[in-house]
Novice: 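Below you'll find the structure I mean.
In this text the structure is predicted, and so the values were computed from the model without any measurement. Because only heavy atoms are used, hydrogens play no part in the values below, and waters and symmetry mates are left out as well, while side chains stay in.
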Amino acid sequence: MEESQSPRSPERKTSSLMENLLGLLRIRVKRGINLAVRDVRSSDPYVVVKMGKQKLKTRVIKKDVNPEWNEDLTLSVTDPTLPVKLTVYDHDTFSKDDKMGDAEFDIKAYIEALRMNLTGLPSGTIVTRVQPSRQNCLSEETCITYTDGKVIQDLCLRLKNVECGEVEIQLQWIDLPGSKGL
């Protein structure tokens with residue numbers, strides 16, 4: 001028997017969000033390194049993180065090409081195959097903000113590590129290593145570690161479409177009660 005519920009009905013949407021939600025990905029945007037100069041001598045950088053239709057941004061750091069944000073941005077993950085896009089902008093008061101490069105990264109290896117049963121491993125155990133390649137924006141090897149009962153990945157991303165700059169981030173997973181989970 002087929003349901004005659006229209007796809008636009010609101011009840012369906014809210015339940016499917018929790019049904020499809022695997023959990024939350026907390027991205028700590030740590031710092032920028034040697035970012036491009038877009039104003040006279042410096043830049044006022046901020047970071048925008050996108051995954052699917054979600055878009056989050058950090059605060060602006062004034063006149064600093066080596067900014068320290070140490071800011072947490074949290075994405076809801078429904079599809080772990082979607083790449084996460086990170087773009088650095090220079091905040092301008094009177095004109096459109098200038099792009100200062102972008103990077104993209106996959107969370108597939110991270111999700112795979114989360115799905116392993118790591119309980120009981122010593123803190124600091126390296127679960128997986130991901131090497132820099134032409135297919136990713138890593139500027140150095142990244143390790144996924146099991147630390148204090150959490151799976152953590154530190155990444156240093158080389159920005160593309162710009163003359164210089166890297167951004168350091170850290171991934172951490174948050175399980176949500178009521179979500180589908182991994």
Novice: Given side chains that start at C-beta, do those of Ile144 and Asp154 come closer than 4.5 Å, heavy atoms only?
Specialist: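 No. Closest side-chain heavy atoms not under 4.5 Å.
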Novice: Determine the minimum heavy-atom distance between Thr74 and Arg26, stating which atoms define it.
Specialist: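 Nearest pair, atom of Thr74 first, then Arg26: OG1-CG, 4.1 Å.
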Novice: Before you tell me yes or no, could you show the steps for Glu71 and Arg59 under salt bridge (charged side-chain N to carboxylate O under 4.0 Å, His left out), namely the whole-Å CA-CA distance, both residues' side-chain angles and the distance that decides it to 0.1 Å?
Specialist: CA-CA 8 Å; Glu71 210 167 308; Arg59 68 190 189 282; 2.6 Å; yes
Novice: In Å, rounded to the nearest 0.5 Å, how long is the span from CG of Asp92 to OG of Ser95?
Specialist: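 Nearest 0.5 Å value for the CG-OG distance: 4.0 Å.
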Novice: Between Val65 and Val60, is there a shared hydrophobic cluster once you connect ILVMFWY residues whose side-chain heavy atoms come closer than 4.5 Å?
Specialist: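 No, it is not one cluster - the side chains of Val65 and Val60 are not joined through contacts under 4.5 Å.
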Novice: Do you reckon Trp69 sits in the same ILVMFWY cluster as Ile152, going by side-chain contacts under 4.5 Å, direct or chained?
Specialist: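 Trp69 does not cluster with Ile152.
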Novice: I'd like to know if the side chain of Thr58 and the backbone of Val47 have a donor-acceptor N/O pair within less than 3.5 Å.
Specialist: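 Between the backbone of Val47 and the side chain of Thr58 there is a qualifying donor-acceptor contact (under 3.5 Å).
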Novice: Can you name the closest pair of heavy atoms from Met51 and Leu82 and give their distance?
Specialist: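 For Met51 and Leu82, the tightest heavy-atom pair comes out as CE-O, 3.7 Å.
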Novice: Taking Asp44 for the side chain and Lys63 for the main chain, is one N or O donor matched with an acceptor at less than 3.5 Å?
Specialist: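 Side chain of Asp44 to backbone of Lys63: a pair is present.
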Novice: Output yes when a side-chain donor or acceptor of Asp79 lies under 3.5 Å from a complementary backbone atom of Thr81, and no otherwise.
Specialist: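 A pair under 3.5 Å: yes.
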Novice: Does either side chain, that of Glu112 or that of Thr128, offer a donor lying less than 3.5 Å from an acceptor on the other one?
Specialist: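 No - no donor-acceptor pair under 3.5 Å links their side chains.
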Novice: Show every donor-acceptor pair shorter than 3.5 Å between a side-chain atom in residues 171-182 and any protein atom, with sequence neighbours excluded, or say none if there are none.
Specialist:
unit_1, atom_1, unit_2, atom_2, d
Trp173, NE1, Asp175, OD1, 3.1
Ser179, OG, Leu176, O, 2.8

Novice: Using a strict cut-off of less than 4.0 Å between a Lys/Arg side-chain nitrogen and an Asp/Glu carboxylate oxygen, indicate whether Asp148 and Lys150 qualify as a salt bridge.
Specialist: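 Looking at Asp148 and Lys150, the cut-off is not met.
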Novice: Can Arg38 and Glu163 be counted as an ion pair, charged N to O under 4.0 angstrom?
Specialist: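 Result for this pair is yes, salt bridge flagged.
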Novice: Using the rule that Ile, Leu, Val, Met, Phe, Trp and Tyr join whenever any side-chain heavy atoms are under 4.5 Å apart, tell me whether Val88 and Val162 fall into a single cluster.
Specialist: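 Yes, same cluster.
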Novice: Can you see which heavy atom on Val40 is nearest to which on Val37, and at what distance?
Specialist: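 Closest approach of Val40 to Val37, heavy atoms only: O-CG1, 3.9 Å.
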Novice: If you measure from SG on Cys156 to CD on Glu168, what distance do you get to the nearest 0.5 Å?
Specialist: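 Going from the SG atom of Cys156 to the CD atom of Glu168 covers 4.5 Å.
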